Each structure stands twice: as structure tokens, then as C-alpha cells.
Amino acid sequence: MEYLKIFLINSALLITVAYLANLIYKYTLTYAPVPVKKASWVLLAIFGGWISSCFGYRLDAHVIFDLRFVPLIISTLAFSQPFILILIGVGTGLTRLTFGINEAAVAGVLNLSILGFVCAGLCLWMRRSPASVVNKGLIVILVVNVVNAVNILVFGVIPDQVYIMKIMPTTFPAGVILSILFALIIRDFQLDLQRTGQVVRANELLSAQAEELHKNKIALEERAKQLMLASQFKSEFLANMSHELRTPLNSIISLSQMIEENDNLSSEETTEYGRIIYRSGSDLLSLINDILDLSKVEAGKLDVVHEELSVSEIPDLLAQQFNVVAKQKGLNFSIALEDDVPDVIHSDPQRVQQILRNLLSNAFKFTVNGFVSINVRTAERKEAEVLRRWIVFDVQDSGIGIAAEKHAVIFESFQQADSTISRNYGGTGLGLSISNDLAKLLGGFITLSSGEDQGSLFSLYLPLQASGHEAV
């Protein structure tokens with residue numbers, strides 16, 4: 001009966017240790033790294049075995065009966081890692097030496113060390129066995145108690161007959177029953193820890209989802225803002241386009257009607273009206289071409305044909321088109337080619353001229369006094385970590401300039417640096433967008449250096465080598 005009382009006291013102590021460990025885990029180790037949790041469990045199991053020995057039944061000065069093997073059983077059911085079980089078994093056995101080094105203590109060290117290896121083997125068996133958790137637990141408890149009894153018979157200092165006849169009939173069934181009860185209690189603790197862990201993981205998941213939803217909300221708000229701005233820009237574009245289309249159309253219709261209804265017009269008046277009609281028709285055609293080019297670019301159907309382009313002819317072509325505009329506005333217009341510029345490059349002559357016309361048209365449009373210039377040079381520049389040679393067309397003016405925060409915006413469709421620009425200077429805002437898209441199709445790009453009221457420098461970069469594509 002005395003053994004049963006001691007075993008019950010051992011069970012109460014182990015339950016107390018387990019409860020305190022549960023509290024410590026819940027409030028301190030829940031968020032600890034996995035290695036820290038495993039090390040804490042090993043130390044706790046060894047401590048549980050030691051505290052069980054402290055309050056064990058002392059048969060004499062050296063022999064102690066207790067439930068120090070129960071933490072090893074619980075560890076086998078809780079941790080399916082053989083090495084940890086061996087550590088717990090050997091560590092618990094070594095704590096027996098704290099009560100004195102003698103034959104009984106050495107037997108205790110051997111007993112728990114052997115149980116550690118037995119539990120490691122049971123752990124490997126549990127991984128492969130299809131048996132239920134309950135059956136596995138009962139088998140582990142029974143095997144550990146049986147091996148413990150056998151070890152006491154083999155290594156213990158108590159005579160075999162005394163142990164078998166007087167001690168084992170009480171300690172063995174009591175050990176099995178108390179191990180089962182303790183395992184059930186610990187199982188409940190373990191389930192509570194699992195529920196706590198699930199709640200923690202659920203909270204972490206909810207927090208992550210809430211953060212993701214917040215990011216998505218910000219992205220949607222930003223997208224809605226962009227859509228609203230795009231809608232606003234398109235509305236302004238349509239209003240500007242309506243004005244730009246009506247102006248030349250009204251001129252053509254009115255002057256044509258005047259010519260038709262008035263037979264008394266002089267030849268000078270007729271010539272002047274014809275000149276105005278021609279200029280208005282050209283402006284109208286330019287607008288329509290811009291719209292068509294933009295549609296083709298967005299649809300991916302704009303043809304780009306690479307062939308030989310005479311760089312030396314470009315200054316003459318541009319001079320013919322813009323010298324008159326420069327004289328009318330009183331601007332100094334200059335074109336220069338540096339010495340290292342090749343005579344011929346491979347690109348699309350029509351599209352290159354279209355880009356340069358757009359850049360020069362803008363330069364003249366937004367420059368009231370000063371100069372407009374174009375300089376052709378070569379340069380080396382890295383693109384995608386590759387150093388390449390480029391031919392560069394610098395179009396510079398002393399006009400109104402563009403604020404730094406508007407540099408990226410002006411290359412987008414339907415957008416200008418200022419929504420009032422179209423009313424002050426005319427135009428639809430499509431020229432730079434089309435030029436930028438054409439430059440990309442030609443394998444190049446356009447850069448901008450400008451400041452408000454400081455003029456602008458647009459640089460068209462084209463590769464000196466053919467891209468290898470005959471059409472895009």
C-alpha cells in the first residue's frame with residue numbers, strides 16, 4: 001500500500017509540473033523557435049523524472065521506487081524523434097546520481113538509458129504502424145513498464161524473489177494504471193496546446209489576410225484614382241480633339257462656301273483662300289494620322305520596316321520643313337552632325353522622320369523666343385547590363401520647359417504636362433506618346449531633360465546595329 005501512496009504522490013507532482021510547464025509554454029514559449037521548444041521539453045522531462053525520484057519510496061538507504069520513467073513514456077507519445085527520447089532517457093538516468101553514487105544509482109542509470117533506447121525503437125515503430133493512437137499509447141505504456149520491471153530484475157540490487165513476490169505485484173499494475181491516467185491528463189494538455197497553436201496560427205493567418213486586404217484596398221484605390229484620372233484625361237482629350245478637328249473643318253467649309261457663292265473674288269483672294277484650305281486640310285490630315293497611328297500601336301499592328309537610312313539627308317529634310325516656321329516665329333534654328341556619326345544606319349526612315357517631326361513641332365510650338373536645335377551624335381550606353389552604341393538625335397529648345405514631376409506623364413496617351421496647354425498652344429497631346437511608342441518599336445527610346453521655364457532636351461536613341469526584325 002505504501003508503494004501506491006508514493007506513486008500517487010509522484011503522479012500529483014508530475015501533473016503539477018506538467019500544468020506549470022503548460023502555463024510557461026502558453027505565455028512564454030508559444031512563439032519561440034522550434035529548437036528552443038524541443039530543448040525546453042527535454043529539460044522538463046528530465047526535471048520531471050528527477051522530482052519523481054526526490055519523492056520516491058525509499059526501500060532502504062539506496063533503493064528508490066518512483067515513476068521517473070513516466071515522462072519518458074509521455075515524450076514517446078508526444079515527440080516522434082528517437083534522438084530526443086534517448087537524450088531524455090540518459091539524462092533522467094544520470095539525475096539518479098544526484099542522490100548518491102552507489103550500486104543502486106548505477107542500476108538506475110542503466111535502466112533509464114535502456115528505456116530511452118527502447119522508446120526510440122517504439123517511436124520508429126509508431127511511425128510505420130497503422131494502429132490507432134490509443135492502441136499505440138497502450139502498447140508503449142505496457143512495453144516500457146515491462147522493460148522497467150525486467151531491468152530491475154537484471155540490474156537491480158533487490159533480490160529477485162523479494163521483488164517478484166512482494167514488490168512487483170503492487171508496483172507493476174500501479175505503474176501501468178498511473179501511466180495510463182497520467183497519459184490521458186497529458187494528452188488533454190497536449191490537445192489544449194494544439195488548440196492554442198491552431199488559434200495562434202489562425203490569428204497569424206487572419207492578420208496576414210487583413211494586411212493583404214489592406215494592400216489590395218490601397219492598390220484598388222490607387223487603380224480607381226488612375227482610372228478616374230484616365231477618364232478625365234480622355235474627356236479633356238476628346239474636348240481638345242473636338243476643337244482641333246472643328247477648327248480646320250470650319251475653315252475649309254467656310255472658305256469653300258465663300259469661293260462657291262462669290263464670283264467676284266480676285267485671283268489673289270482665291271489663292272489665299274486656297275492656301276488656307278490647304279493648310280487646314282494638312283492639319284486635319286495630321287490629326288487623323290496621329291489618331292490612326294495611336295490605334296495601330298495599341299493594337300500592335302503598326303508596321304516598322306528596317307532598311308538603310310541616310311543620316312546625312314536628315315538635316316536637309318528637316319530644314320525644308322521647319323526653316324519657314326523658325327522665320328515666322330523669329331527663332332534661331334540650327335542642325336548639326338558630329339564627325340563620328342555614320343552616313344547610313346539601319347532603321348525605318350519614315351518612322352524616324354515622324355518622331356523627329358513630332359519632337360521639333362513641339363519644340364517650335366512651346367518656344368516663344370530663343371532657339372530650337374537638333375544635334376546628331378553617337379553615344380555608348382548600358383541597356384540590360386550590356387554596353388551598346390547608339391545614334392542620338394538631341395532636340396533642344398529654350399521654351400516653357402516641363403516640371404520634373406510631369407516627365408513620365410507626358411509620354412502617356414491623352415496626357416500633357418498641363419491640361420491648359422492645349423488651350424494655350426493647341427494640339428491633342430498624342431505626339432509624344434506616339435513618338436515614344438515608335439522609338440520602342442525601332443529598338444530605341446526617348447529621354448527627357450527639362451525644368452519649368454528652363455527649356456527642354458528630348459534625346460532619341462536608336463541602335464547603330466539592325467535589330468534583326470524586318471517588321472513589327
Side-chain angles (χ1 to χ4, degrees), residues 1-15 17 45-77 85-86 88-123 125 135-186:
M1 197 65 185
E2 191 68 26
Y3 299 120
L4 186 58
K5 290 180 180 179
I6 294 300
F7 277 18
L8 288 174
I9 292 173
N10 273 205
S11 298
L13 288 170
L14 291 175
I15 291 171
V17 171
I46 294 174
F47 174 75
W50 179 80
I51 201 75
S52 177
S53 296
C54 282
F55 293 90
Y57 178 72
R58 295 182 178 269
L59 187 63
D60 57 32
H62 303 300
V63 179
I64 302 174
F65 281 96
D66 51 51
L67 294 176
R68 77 191 79 162
F69 58 86
V70 172
L72 188 56
I73 293 174
I74 303 306
S75 299
T76 306
L77 300 176
L85 299 176
I86 294 172
I88 293 174
V90 174
T92 305
L94 291 174
T95 60
R96 179 65 178 81
L97 299 176
T98 60
F99 301 99
I101 300 175
N102 47 62
E103 189 179 355
V106 174
V109 173
L110 287 173
N111 181 24
L112 266 296
S113 298
I114 291 171
L115 287 178
F117 282 95
V118 170
C119 288
L122 289 170
C123 171
W125 167 78
N135 290 335
K136 290 179 180 178
L138 290 174
I139 292 172
V140 169
I141 290 171
L142 184 61
V143 170
V144 172
N145 277 273
V146 169
V147 174
N148 180 62
V150 172
N151 287 340
I152 293 174
L153 284 171
V154 175
F155 303 107
V157 296
I158 304 173
D160 294 348
Q161 187 176 0
V162 174
Y163 178 71
I164 294 173
M165 299 301 295
K166 294 183 179 181
I167 299 175
M168 186 176 173
T170 302
T171 59
F172 182 79
V176 172
I177 293 171
L178 291 175
S179 296
I180 293 174
L181 292 176
F182 193 83
L184 292 174
I185 294 171
I186 295 300

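None of the values given here were measured: they were computed from a predicted structure.
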Check step by step if side-chain contact (heavy atoms from CB on, under 4.5 Å) holds for Val157 and Asn102.
-> CA-CA 10 Å; Val157 296; Asn102 47 62; over 6 Å; no
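Inter-residue side-chain proximity for Leu97 and Leu94 is flagged as met; some heavy-atom pair is nearer than 4.5 Å. Leu77 has its side chain within reach of Val140: a pair of non-hydrogen atoms, C-beta onward, lies under 4.5 Å apart. Proximity of Ile73 to Asn145: side-chain heavy atoms (C-beta onward) are separated by under 4.5 Å at one or more points. Counting only heavy atoms from C-beta outward, the side chains of Thr95 and Leu112 never approach each other to under 4.5 Å.
Listed here is the closest heavy atom pair of Ile88 and Ile46: O-CG1, 4.1 Å. Between Cys123 and Thr76, the shortest heavy-atom contact is N-CG2, 4.5 Å. Closest approach of Pro169 to Tyr163, counting heavy atoms only: CD-O, 4.1 Å. Contact between Ala45 and Pro71 at its shortest, heavy atoms only, is O-CB, 3.5 Å. A pairwise comparison of heavy atoms in Ala149 and Met168 identifies CB-CE, 4.1 Å as the closest pair.
Taken to the nearest 0.5 Å, the CD1 atom of Ile86 stands 10.0 Å off from the SG atom of Cys119. How far CG of Leu110 is from CG of Leu115: 11.0 Å, rounded to the nearest 0.5 Å. In this structure, Leu122 CG and Phe117 CZ are separated by 13.5 Å, a value rounded to the nearest 0.5 Å.
A side-chain contact (heavy atoms from CB on, under 4.5 Å) with Val118 holds for exactly one of Leu72, Val143, Leu85; it is Val143. Each of Ile141, Asn148, Thr92 was evaluated against Phe69; a single residue qualifies, Asn148, per the side-chain contact (heavy atoms from CB on, under 4.5 Å) test.
Other residues, nucleotides and ligands place more than 12 heavy atoms under 6.0 Å from the CZ atom of Phe155.
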